[in-house]
Amino acid sequence: MTVTLADVAVRAQVSPATVSRVLNGNYPVAATTRERVLRAVDELDYVLNGPASALAAATSDLVGILVNDIADPFFGIMASAIQGEIGGPGGRAGGERLAVTCNTGGSPERELTYLTLLQRQRAAAVILTGGAVEDAPHAAAVAAKLRKLADAGTRVVLCGRPPAPDTDAVALTFDNRGGGKELTEHLIGLGHRRLGYIAGPEERTTTRHRLEGHRAALAEAGIAEDPRWTVHGRYDRRAGYEATLELLRRDPTLTAVVAANDSVALGACAALRESGLRIPADVSVAGFDDLPFSIDAVPSLTTVRLPLAEAGARAGRIAMGREEPPPGGIATVRGELMVRGSTGVPRA
């Protein structure tokens, strides 16, 4: 049975006029109302009109790139590389494709909303970057969206994100566990035994995987982890600064700080200096990702280099059909340990 605009209005508990305003985008509507309407549209698989229904299986020249924070170089580098592969002829009738970067701000709700909007626009491809939220209902909702996109002919690629089973999405997943383990093994090899760890948000897969790698290295070296040595925070400089002060308060004898990423590591360095500690003479610091500023830090930052640009470019080529997906639709992208001046032997 055909779903009507009135059916959407009933599901969203708004007037048909409000549904029309949201879909046409020509009148201001409260954000909560708008999201409720879009959710109803998605749940009912409502298509705007007869001609649109006939085109539902077709795709447009639109390519969606989902990022958590476009101001974060981690996402900016990938998005730029993806877009570099999307430009040029290849759209319908040989025309250009339009890349749209969707900034979720780390919000699971916004992620779902953008996927709904891209489905409505019959996007040619959708690329999701970075780690996923570890929440079973949200993961199921995202998987359902990805299946709908794929069924409509949209290519879906996950870049730096764990695989999404039963969705036909191609996954280029970063080896965060392996990189985290190798980084901590390097510090242990220098003689460190009291290592503080600044982890990212607890609900993110990237956080869990990097922390698991760190803990695996400690366990293999026979180092008992003290619960005081781990602090969670955001993936930004301020969080690194605040978490380092907290770690020093909990245990002033720490000889190394391992940070969730390079931005967090910069904050850690600032906190250590303000506390009168030298890097690495008193406390070593290590980051993750090898963002462009890492080599210019003083001292330059020991980190794990993830090939963000290369992975983004490959995701773009796969999304455009110019490169075959990896066998089984999944490829693991490994990092490289970059040893620089911010780590050294622990103080006596």
Side-chain angles (χ1 to χ4, degrees), residues 57-68 74-88 90-92 97-104 108 111-112 114-134 138-179 204-206 208-209 289 306-335:
T59 56
S60 69
D61 290 334
L62 179 69
V63 176
I65 306 168
L66 271 67
V67 301
N68 281 358
F74 177 89
F75 293 101
I77 291 169
M78 283 192 288
S80 177
I82 291 167
Q83 188 159 351
E85 295 293 334
I86 290 169
R92 292 182 299 178
R97 292 198 186 276
L98 173 65
V100 176
T101 301
C102 306
N103 193 72
T104 69
E111 182 174 65
L112 291 172
Y114 281 130
L115 290 174
T116 298
L117 292 170
L118 290 166
Q119 181 192 357
R120 283 185 55 225
Q121 295 295 325
R122 303 186 303 280
V126 172
I127 303 168
L128 294 85
T129 64
V133 174
E134 298 212 280
H138 178 70
V142 169
K145 300 277 189 190
L146 299 185
R147 282 192 291 271
K148 287 182 179 180
L149 285 162
D151 289 345
T154 299
R155 289 193 181 96
V156 180
V157 182
L158 312 177
C159 185
R161 190 177 178 116
D166 304 318
T167 63
D168 290 332
V170 174
L172 307 179
T173 183
F174 293 146
D175 182 19
N176 286 305
R177 284 191 191 89
R204 291 280 164 182
T205 55
T206 300
R208 178 169 62 84
H209 295 162
D289 296 334
L306 288 179
L308 300 174
E310 295 89 336
R314 185 181 183 189
R317 291 192 298 272
I318 292 171
M320 293 298 94
R322 294 203 297 271
E323 179 174 326
E324 287 296 314
I330 300 172
T332 299
V333 180
R334 305 192 186 282

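- Taking CG from D151 and CG from L146, the interatomic distance works out to 11.0 Å, rounded to the nearest 0.5 Å.
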Donor-acceptor pairs are to be reported for all side-chain atoms of residues 79-86 against protein atoms at under 3.5 Å, with residues two or more places apart or in another chain.
{"from": "E85", "atom 1": "OE1", "to": "R322", "atom 2": "NH2", "distance (Å)": "3.3"}

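- Under a 3.5 Å cut-off, the side chain of T205 and the backbone N or O of A132 do form a donor-acceptor pair.
- Atom-to-atom distance recorded for L118:CG and L149:CG is 7.0 Å, nearest 0.5 angstrom.
- Minimum heavy-atom separation, M78 to G130: CE-N, 4.1 Å.
- The line from CG of L158 to CZ of F174 is 11.5 Å long, rounded to the nearest 0.5 Å.
- Taking all atoms of both residues into account, the shortest heavy-atom contact from V133 to P108 is CG2-CG, 4.0 Å.
- When all heavy atoms are compared, the tightest approach of H209 to N176 is CB-CB, 3.8 Å.
- Heavy atoms only, all atoms of each residue included: F75 and T129 are closest at CD2-OG1, 3.4 Å.
- Residues P326 and R314 meet the side-chain proximity criterion, which asks for heavy atoms closer than 4.5 Å.
- Of the possible polar contacts, one joining the S60 side chain to the R122 backbone as a donor-acceptor pair under 3.5 Å is found.
- When the options V156, T104, N68, I65 are evaluated for a side-chain contact (heavy atoms from CB on, under 4.5 Å) with L128, the one that passes is V156.
- Applying the salt bridge (charged side-chain N to carboxylate O under 4.0 Å, His left out) definition to pairs two or more places apart or across chains, those involving residues 153-172 are E111-R161.
- When all heavy atoms of L172 and A315 are compared, the pair lying nearest together is CD1-N, 3.7 Å.
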